[in-house]
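Values below: all heavy atoms of this structure, side chains included; hydrogens, waters and symmetry mates excluded.
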Amino acid sequence: QVQLVESGGGLVQPGGSLRLSCVASGFTLDKYAIGWFRQAPGKEREGVSCINYSGRSTLYADSVKGRFTISRDNAKNTVYLQMNSLKPEDTAVYYCAVDTYGGKRNCPVSGAGASSWGQGTQVTVSS
């Protein structure tokens, strides 16, 4: 059973940092790309970042480029999203997702195409 579990969210002041984790189980993580998405209240889900199966290729939304870094440790079955210089507009529930049905190894992982999602972790950026 494919399972993704996010953690690491919380309340942080503007300019602060958080590191999100996405722990995978039930499938071989090193065969698949992983995407991070976020959804703020009243807004559509947005793709934030993606990392391919090997970790050698990454993608970022323009809104987070230069501030967020995605990485993976396949030995720990974990993908990370390091978020620096956080802004109030980064406030959202953050999700990781994978497309195991389609065998997606490379980015992007589309929201519509993802076959499994985590439960999400809340990130709130506020003073």
Verify, without hydrogens or angle tests, whether [X] (side chain) and [Y] (backbone) share a donor-acceptor contact under 3.5 angstrom.
X	Y	answer
T124	L11	no
Y101	G113	no
S49	I70	no
S115	T100	yes
T91	V125	yes
E6	C96	yes
N74	N77	no

Can you tell me how far the CD atom of Q82 sits from the OG atom of S71, to the nearest 0.5 Å? 8.0 Å
When you look at W36 and F68, which way does the ring pair (Phe, Tyr, Trp, His ring centres under 6.0 Å) test go after all the steps? CA-CA 11 Å; W36 279 99; F68 290 11; 9.8 Å; no
Under a single-linkage definition using a 4.5 Å side-chain heavy-atom cutoff for Ile, Leu, Val, Met, Phe, Trp and Tyr, are I51 and V5 assigned to the same hydrophobic cluster? no
Sidechain N-carboxylate O distance under 4.0 Å for R72, D30: no
Measure across D99 and A114 and return the closest heavy-atom pair with its distance rounded to 0.1 Å. CB-CA, 4.1 Å
Side chains of S63 and E89: any donor to acceptor distance under 3.5 Å? no
Is R38 close enough and on-axis enough to Y94, meaning under 6.0 Å and within 45°, for cation-pi? no
Tell me whether K65 at atom NZ has more than 12 heavy atoms from other residues, nucleotides or ligands lying less than 6.0 Å away. yes
